[in-house]
Amino acid sequence: IPVDHIRFVPFSDSSWANRSDGSSQGGQLHMIADKEILEGKQSWASMIDWKSWKIKRVTRRSLAGEVQAFSDCQDTQEWLRAFWQELWRPTGIVLKKADNYLPTDHVSTILTDCKSLYDALAKVETSGLQLSERRSAIEAAGCKMRHTQANCAVRWVNSDRQLADGLTKPEACDNLRKFQRQGYW
(Lines give C-alpha, C1' and ligand atoms only; values in the text may rest on other atoms or scores of the structure.)
Protein backbone atom coordinates (compact mmCIF):
# COMPACT_ATOMS: atom_id res chain seq x y z
CA ILE A 1 0.00 0.00 0.00
CA PRO A 2 1.56 3.34 -0.94
CA VAL A 3 2.10 5.42 2.21
CA ASP A 4 -0.06 8.28 0.93
CA HIS A 5 -2.92 5.81 0.36
CA ILE A 6 -2.91 4.44 3.91
CA ARG A 7 -6.09 4.78 5.94
CA PHE A 8 -6.80 3.51 9.43
CA VAL A 9 -9.99 1.45 9.36
CA PRO A 10 -11.20 0.16 12.72
CA PHE A 11 -14.32 -1.98 13.14
CA SER A 12 -16.30 -1.65 16.37
CA ASP A 13 -18.99 -4.06 17.58
CA SER A 14 -20.87 -5.19 20.65
CA SER A 15 -23.08 -8.18 21.34
CA TRP A 16 -25.65 -7.33 23.97
CA ALA A 17 -26.09 -9.56 27.05
CA ASN A 18 -24.66 -12.63 25.30
CA ARG A 19 -22.36 -13.74 28.11
CA SER A 20 -23.44 -16.28 30.73
CA ASP A 21 -23.54 -13.57 33.43
CA GLY A 22 -25.78 -11.31 31.30
CA SER A 23 -23.01 -8.89 30.42
CA SER A 24 -22.11 -7.83 26.89
CA GLN A 25 -19.10 -8.64 24.72
CA GLY A 26 -17.18 -5.92 22.88
CA GLY A 27 -14.99 -6.38 19.84
CA GLN A 28 -12.69 -4.16 17.83
CA LEU A 29 -10.45 -4.85 14.89
CA HIS A 30 -8.01 -2.28 13.51
CA MET A 31 -6.64 -2.35 9.98
CA ILE A 32 -4.37 -0.27 7.86
CA ALA A 33 -5.90 -0.34 4.39
CA ASP A 34 -5.64 1.27 0.99
CA LYS A 35 -7.87 4.34 0.74
CA GLU A 36 -9.89 2.59 -1.97
CA ILE A 37 -11.54 0.47 0.71
CA LEU A 38 -13.48 3.58 1.76
CA GLU A 39 -14.64 4.02 -1.84
CA GLY A 40 -16.25 0.58 -1.76
CA LYS A 41 -13.49 -1.10 -3.73
CA GLN A 42 -11.79 -4.33 -2.75
CA SER A 43 -8.44 -3.34 -1.22
CA TRP A 44 -5.42 -4.76 0.51
CA ALA A 45 -5.44 -4.41 4.27
CA SER A 46 -3.34 -5.46 7.24
CA MET A 47 -4.77 -6.17 10.66
CA ILE A 48 -2.66 -4.27 13.18
CA ASP A 49 -4.65 -4.72 16.39
CA TRP A 50 -7.71 -6.48 17.74
CA LYS A 51 -9.49 -6.97 21.02
CA SER A 52 -12.43 -8.98 22.33
CA TRP A 53 -13.49 -8.24 25.88
CA LYS A 54 -16.24 -8.19 28.47
CA ILE A 55 -17.76 -4.71 28.48
CA LYS A 56 -17.35 -3.30 31.99
CA ARG A 57 -20.68 -1.57 32.49
CA VAL A 58 -23.78 -3.79 32.38
CA THR A 59 -26.24 -2.26 29.94
CA ARG A 60 -30.01 -2.17 29.68
CA ARG A 61 -30.02 -1.77 25.91
CA SER A 62 -27.96 -2.97 22.97
CA LEU A 63 -27.10 0.61 21.97
CA ALA A 64 -25.43 1.28 25.34
CA GLY A 65 -23.04 -1.63 24.75
CA GLU A 66 -22.33 -0.39 21.21
CA VAL A 67 -21.47 3.07 22.55
CA GLN A 68 -19.06 1.63 25.13
CA ALA A 69 -17.36 -0.56 22.53
CA PHE A 70 -17.15 2.33 20.06
CA SER A 71 -15.61 4.67 22.64
CA ASP A 72 -12.93 2.11 23.51
CA CYS A 73 -12.27 1.48 19.80
CA GLN A 74 -11.90 5.21 19.19
CA ASP A 75 -9.32 5.49 21.99
CA THR A 76 -7.34 2.60 20.53
CA GLN A 77 -7.35 4.03 16.99
CA GLU A 78 -6.06 7.37 18.29
CA TRP A 79 -3.25 5.58 20.12
CA LEU A 80 -2.38 3.57 16.99
CA ARG A 81 -2.32 6.74 14.87
CA ALA A 82 -0.08 8.52 17.40
CA PHE A 83 2.23 5.48 17.39
CA TRP A 84 2.26 5.60 13.56
CA GLN A 85 3.29 9.26 13.68
CA GLU A 86 6.06 8.42 16.13
CA LEU A 87 7.39 5.76 13.73
CA TRP A 88 7.36 7.99 10.66
CA ARG A 89 8.72 11.23 12.11
CA PRO A 90 12.51 11.17 12.48
CA THR A 91 12.29 13.68 15.33
CA GLY A 92 9.38 11.90 17.01
CA ILE A 93 6.30 13.58 18.39
CA VAL A 94 5.42 15.24 21.66
CA LEU A 95 2.73 12.91 22.98
CA LYS A 96 1.03 15.54 25.11
CA LYS A 97 0.48 17.41 21.83
CA ALA A 98 -0.72 14.36 19.87
CA ASP A 99 -3.87 16.26 18.89
CA ASN A 100 -1.65 18.48 16.74
CA TYR A 101 -0.58 15.47 14.69
CA LEU A 102 -3.80 13.47 14.35
CA PRO A 103 -5.63 15.92 12.05
CA THR A 104 -2.70 15.86 9.62
CA ASP A 105 -1.96 12.15 9.56
CA HIS A 106 -3.75 9.43 7.67
CA VAL A 107 -7.51 9.61 8.00
CA SER A 108 -9.32 7.16 10.25
CA THR A 109 -12.85 5.90 9.62
CA ILE A 110 -14.46 3.76 12.30
CA LEU A 111 -16.99 1.27 10.97
CA THR A 112 -20.05 0.17 12.95
CA ASP A 113 -23.06 -1.94 12.07
CA CYS A 114 -25.20 -0.17 14.68
CA LYS A 115 -27.38 2.17 12.62
CA SER A 116 -28.70 4.13 15.61
CA LEU A 117 -25.14 4.80 16.83
CA TYR A 118 -24.08 5.86 13.36
CA ASP A 119 -27.08 8.21 13.08
CA ALA A 120 -26.33 9.73 16.50
CA LEU A 121 -22.66 10.35 15.65
CA ALA A 122 -22.96 11.37 11.99
CA LYS A 123 -26.35 13.02 11.59
CA VAL A 124 -27.90 14.23 14.85
CA GLU A 125 -26.95 17.70 16.08
CA THR A 126 -28.79 17.87 19.43
CA SER A 127 -26.83 17.72 22.68
CA GLY A 128 -28.32 14.35 23.75
CA LEU A 129 -27.89 12.91 20.23
CA GLN A 130 -31.49 11.63 20.58
CA LEU A 131 -30.30 8.78 22.79
CA SER A 132 -32.67 7.81 25.62
CA GLU A 133 -30.00 6.51 27.99
CA ARG A 134 -28.20 9.56 29.38
CA ARG A 135 -24.91 7.89 30.24
CA SER A 136 -24.63 6.58 26.67
CA ALA A 137 -25.59 10.02 25.33
CA ILE A 138 -22.73 11.63 27.27
CA GLU A 139 -20.23 9.01 26.12
CA ALA A 140 -21.41 9.27 22.49
CA ALA A 141 -21.21 13.09 22.62
CA GLY A 142 -17.58 12.74 23.73
CA CYS A 143 -16.91 10.41 20.79
CA LYS A 144 -18.49 12.87 18.39
CA MET A 145 -16.35 15.72 19.73
CA ARG A 146 -13.17 13.64 19.38
CA HIS A 147 -14.05 12.81 15.77
CA THR A 148 -13.78 16.45 14.85
CA GLN A 149 -10.60 17.01 16.85
CA ALA A 150 -8.81 13.91 15.57
CA ASN A 151 -9.82 13.91 11.88
CA CYS A 152 -11.86 10.76 12.26
CA ALA A 153 -15.09 9.73 10.58
CA VAL A 154 -17.73 7.10 11.25
CA ARG A 155 -19.48 4.94 8.68
CA TRP A 156 -22.21 2.38 8.85
CA VAL A 157 -21.65 -1.06 7.33
CA ASN A 158 -24.12 -3.91 7.18
CA SER A 159 -23.50 -6.89 9.42
CA ASP A 160 -22.16 -8.95 6.51
CA ARG A 161 -19.24 -6.52 6.18
CA GLN A 162 -18.64 -6.09 9.92
CA LEU A 163 -15.40 -7.94 10.65
CA ALA A 164 -15.60 -7.32 14.41
CA ASP A 165 -18.78 -9.45 14.56
CA GLY A 166 -16.49 -12.46 14.69
CA LEU A 167 -15.00 -11.10 17.93
CA THR A 168 -18.35 -10.77 19.70
CA LYS A 169 -20.43 -13.66 18.36
CA PRO A 170 -18.99 -17.16 17.90
CA GLU A 171 -21.32 -17.91 15.00
CA ALA A 172 -20.12 -14.86 13.05
CA CYS A 173 -16.45 -15.81 12.53
CA ASP A 174 -16.65 -16.71 8.83
CA ASN A 175 -16.01 -13.19 7.46
CA LEU A 176 -13.08 -12.67 9.81
CA ARG A 177 -11.52 -15.99 8.79
CA LYS A 178 -12.05 -15.17 5.12
CA PHE A 179 -10.29 -11.81 5.56
CA GLN A 180 -7.38 -13.46 7.38
CA ARG A 181 -6.89 -15.93 4.52
CA GLN A 182 -7.16 -13.38 1.71
CA GLY A 183 -5.57 -10.21 3.13
CA TYR A 184 -8.01 -7.90 1.38
CA TRP A 185 -11.57 -6.78 2.02
Side-chain angles (χ1 to χ4, degrees), residues 1-14 26-53 55-56 65-114 117-118 120-125 129 136 138-157 161-168 175-176 179-180 182-185:
I1 303 171
V3 174
D4 60 328
H5 284 211
I6 286 176
R7 299 295 180 265
F8 286 80
V9 184
F11 291 81
S12 171
D13 190 45
S14 172
Q28 58 181 266
L29 184 142
H30 298 264
M31 296 190 315
I32 289 180
D34 191 292
K35 68 181 181 179
E36 290 183 343
I37 200 169
L38 299 174
E39 298 164 7
K41 299 175 184 171
Q42 196 172 51
S43 303
W44 290 106
S46 294
M47 189 183 333
I48 57 171
D49 192 46
W50 67 274
K51 176 180 173 184
S52 181
W53 76 103
I55 291 181
K56 292 180 185 174
E66 294 281 358
V67 170
Q68 287 182 67
F70 188 93
S71 178
D72 192 89
C73 181
Q74 186 173 19
D75 287 346
T76 302
Q77 69 82 26
E78 285 188 31
W79 185 89
L80 290 167
R81 288 170 65 202
F83 182 72
W84 179 264
Q85 287 290 336
E86 181 74 17
L87 289 174
W88 283 91
R89 292 179 184 266
T91 59
I93 64 171
V94 179
L95 287 178
K96 63 183 175 182
K97 295 182 181 181
D99 283 354
N100 296 345
Y101 304 102
L102 292 177
T104 61
D105 88 337
H106 304 286
V107 175
S108 178
T109 302
I110 301 176
L111 305 177
T112 180
D113 63 354
C114 180
L117 176 59
Y118 166 77
L121 295 173
K123 297 179 179 180
V124 178
E125 294 298 326
L129 301 177
S136 295
I138 291 168
E139 195 163 8
C143 289
K144 187 171 183 164
M145 184 180 74
R146 283 302 300 161
H147 277 241
T148 303
Q149 295 168 339
N151 192 22
C152 185
V154 61
R155 284 198 186 168
W156 177 83
V157 294
R161 303 293 291 168
Q162 171 57 284
L163 289 178
D165 256 2
L167 300 174
T168 61
N175 282 339
L176 183 54
F179 166 72
Q180 289 175 315
Q182 295 176 340
Y184 57 86
W185 192 243

Step-by-step side chain to side chain contact (heavy atoms under 4.5 Å, CB included) determination, S108 to R81:
CA-CA 8 Å; S108 178; R81 288 170 65 202; 3.7 Å; yes
Spacing of [atom1] belonging to [X] relative to [atom2] belonging to [Y], to within rounding of 0.5 Å:
| X | Y | atom1 | atom2 | answer |
| --- | --- | --- | --- | --- |
| R161 | W156 | CZ | CH2 | 11.5 Å |
| W84 | I93 | CH2 | CD1 | 13.0 Å |
| D165 | N175 | CG | CG | 8.0 Å |
| F8 | N151 | CZ | CG | 12.0 Å |
| Q28 | S52 | CD | OG | 9.5 Å |
| D113 | T168 | CG | OG1 | 8.0 Å |

Taking side-chain contact (heavy atoms from CB on, under 4.5 Å) as the definition, give me every residue that meets it alongside A33, ordered by chain and number, with sequence neighbours left out.
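For A33, the residues satisfying side-chain contact (heavy atoms from CB on, under 4.5 Å) (neighbours in sequence not counted) are V9, I37, A45.
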Test side chain to side chain contact (heavy atoms under 4.5 Å, CB included) applied to E66 and D13, step by step
CA-CA 6 Å; E66 294 281 358; D13 190 45; 3.6 Å; yes
Residue pair H147 / Q149, side-chain donor-acceptor N/O under 3.5 Å:
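Side chains of H147 and Q149: no pair found under 3.5 Å.
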Could you report the tightest heavy-atom contact between [X] and [Y], atom names first, then the distance?
| X | Y | result |
| --- | --- | --- |
| A164 | Q162 | N-OE1, 3.1 Å |
| I32 | I1 | O-CD1, 4.0 Å |
| L121 | C143 | CD2-CB, 4.1 Å |
| M31 | F11 | CE-CE1, 3.5 Å |
| C73 | I110 | SG-CG2, 4.2 Å |
| G26 | I55 | N-CG1, 3.6 Å |

Residue from D72, L167, T76 passing side-chain contact (heavy atoms from CB on, under 4.5 Å) with K51
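When side-chain contact (heavy atoms from CB on, under 4.5 Å) is applied between K51 and each of D72, L167, T76, only D72 qualifies.
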Set out, in order, the CA-CA distance, both residues' side-chain angles and the distance that settles side chain to side chain contact (heavy atoms under 4.5 Å, CB included) for S12 and Q74, then state yes or no.
CA-CA 9 Å; S12 171; Q74 186 173 19; over 6 Å; no
So, Q77 side chain and P10 main chain: donor-acceptor pair closer than 3.5 Å or not?
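No; judged by distance alone, with no hydrogens or angles, the pair does not exist.
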Measure from the side-chain N and O atoms of R155 to the backbone N and O of L38, and report whether any donor-acceptor pair falls under 3.5 Å.
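Yes; at least one donor-acceptor contact below 3.5 Å.
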Would you please name every residue forming a ring pair (Phe, Tyr, Trp, His ring centres under 6.0 Å) with Y118, sequence neighbours left out?
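Ring pair (Phe, Tyr, Trp, His ring centres under 6.0 Å) check on Y118 returns nothing, list empty.
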Does L117 form a side chain to side chain contact (heavy atoms under 4.5 Å, CB included) with V67? I'd like the steps, not just the answer.
CA-CA 7 Å; L117 176 59; V67 170; 3.8 Å; yes
Just wondering, are more than 12 heavy atoms of other shown residues or ligands nearer than 6.0 Å to CH2 in W88?
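Open.
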